[in-house]
There are 2 protein chains.
Amino acid sequence: MLNEAVNLENSPGTGEGPERRVRDRGATERAILAAAKGLLAEEGFQNFGINAVARRASCDKQLIYRYYGGLDGLVEAIGADLGTWVKDRIPEDAGGMFLLTYGDLMERLSLLLLDALRSDPLMRRILAWEISENTEQVRRLSEARSKALALWLERMRGSLAPPKAVDAAAVNAVVIAAIQHLVLAAAAGGQCAGLSLKTPKDWEKAATALKRIVRGVYG
Amino acid sequence: MLNEAVNLENSPGTGEGPERRVRDRGATERAILAAAKGLLAEEGFQNFGINAVARRASCDKQLIYRYYGGLDGLVEAIGADLGTWVKDRIPEDAGGMFLLTYGDLMERLSLLLLDALRSDPLMRRILAWEISENTEQVRRLSEARSKALALWLERMRGSLAPPKAVDAAAVNAVVIAAIQHLVLAAAAGGQCAGLSLKTPKDWEKAATALKRIVRGVYG
DNA sequence: CCCGTTACTCACCGATTGGTGACAGCGGGG
DNA sequence: CCCCGCTGTCACCAATCGGTGAGTAACGGG
């Protein structure tokens, strides 16, 4: 019923067939993944859904089901893609790696992580997602992100052992928590606990405080 | 569902059962606000909407529009209600206030804030909401929460001045950021940066690390 | 040439969302 | 008394959501 005006002919001769979609599965898959990552990074997880991704990728949502098995699979693909994050963010020179003390190392790492997160909207959105939801979907993505972070830290740390006097794992977790929350709060509202986080000058202050904290613990 | 027995008399003398409200605007308004707070605290902001609140309050959503002017007004009412948070969370004895140093104070305050947030799901959800969205709605709620926190800190701090050698505002913001993120991550996934945050023993570790950090800065 | 596989599109489904207009029932004031 | 206003209920709207089944168009091997 109501099938009027459905069978319009689109004869190939007249005018131009606007943007002919080429039959290239690989390209389509890549377009979908890119659309998903871009959408998540720019809009956040709130409006992240099958329809929105398909709209952004300019393809039918059916293809998402076919190629990725739905949103879950797509999210998983994003997680897998996060593995490349590490490679992109490791300075290959390893120039600063003649650092002497664990304090030197952690100070440097803290600032590097701060900058890395500040310049990575996708990572931020995933982080915010982790905190706001606890579905299986998010949990798997979270695991991939956590693993990427751990790998990054391990690569950067090298073979320098932490001091035995303090519980370095716990202290580092607290420091990382601070960094992550600062970045998230800044991206969302431009401030955290009364401290403005907008201008480079603001960030200078935050970085100084962070350094002081790390130095206070590790000397 | 099946609201039969609504129009029964509510004579004050009889032992009445479960809280029946009959044409009582005040009670309805309170029920709506309570439903909104409970829903936000338990379910999070993801499924927080007119329909859900009305469902939980067992009333028609039209009343929410009438009495609060929609979700925005309701959220604002929650924000206003947050003012009571401070009063509920200040130990009146002020017993520990013979603290001598700023370091003593900040260590105590950090642990108090950690526990306060750990035991307050509503506050946690609002915090997560702030980080995930940046609508006008959230911004106003965020402001109320931020103000409540600042007031709490001020009341607890008393008249003890911070040392001039460090940028106490920035350092404290970083510490607060760490506390908030630890609590949020724990509530969501039970861990943060590889540090498990489930058992009291886990929290002991985190608290120790936090204390060490504060002491490292403020001596 | 035909024919099957593959890549892709479209129409439709039920459910739920935010939002609005109309209406019923009670109660107090004229 | 009647009437009006307040409280609460219901039906309905358009839009969007995730999800599915059926159909179409290109390609490539025989």
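In what follows, chains carry the letters A, B, and so on, assigned in the order in which the sequence lines appear, proteins first and then strands, with residues in each chain numbered from 1. Quantities reported herein were computed from a predicted structural model and do not represent experimental measurements.
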If each end axis of the helix from C/dC1-D/dG30 to C/dG30-D/dC1 is fitted on five C1' pair positions, the angle between them, to 10 degrees, is 30°

How many whole angstroms separate atom CD of A/Gln46 from atom C1' of C/dT17?
15 Å

Rounded to whole angstroms, how far apart are CZ on B/Arg56 and C1' on C/dT17?
19 Å

Should the side chain of A/Arg23 and the base of C/dT6 be counted as holding a donor-acceptor pair, with the cut-off at 3.5 Å?
yes

Mark yes or no for a side-chain to base donor-acceptor pair under 3.5 Å between B/Arg66 and D/dG8, with no hydrogen or angle criteria applied.
yes

Cation over ring, B/Arg118 on B/Trp203, under 6.0 Å and within 45°?
yes

From C/dT9, D/dT20, D/dT7, nucleotide with atom closest to B/Tyr67 side chain
D/dT7

Going by the angle between their ring planes, with limits at 30° and 60°, are A/Phe45 and A/Trp129 parallel, tilted or perpendicular?
parallel

Among C/dT9, C/dG18, C/dC8, which is the nearest nucleotide to the side chain of A/Cys59?
C/dT9

Any residue of residues 133-142 of chain B with a heavy atom less than 4.0 Å from an atom of DNA chain C
none

Closest listed nucleotide, where the reference is the side chain of B/Arg55 and the choices are C/dT17, C/dG18, C/dT9:
C/dT17

Hey, is A/Arg89 close enough to A/Asp120 for a salt bridge, meaning N to O under 4.0 Å?
yes

Salt-bridge criterion met for A/Arg139 and A/Glu143 (N-O under 4.0 Å):
no

Closest to the B/Tyr65 side chain, choosing from C/dT9, C/dG19, D/dG18
C/dG19

Of the candidate nucleotides D/dG8, C/dT20, D/dG21, which contains the atom at the shortest distance from the side chain of A/Gln62?
D/dG21

Please examine the side chains of B/Ile213 and A/Val175, heavy atoms only from C-beta on, and report whether any two atoms are closer than 4.5 Å.
yes

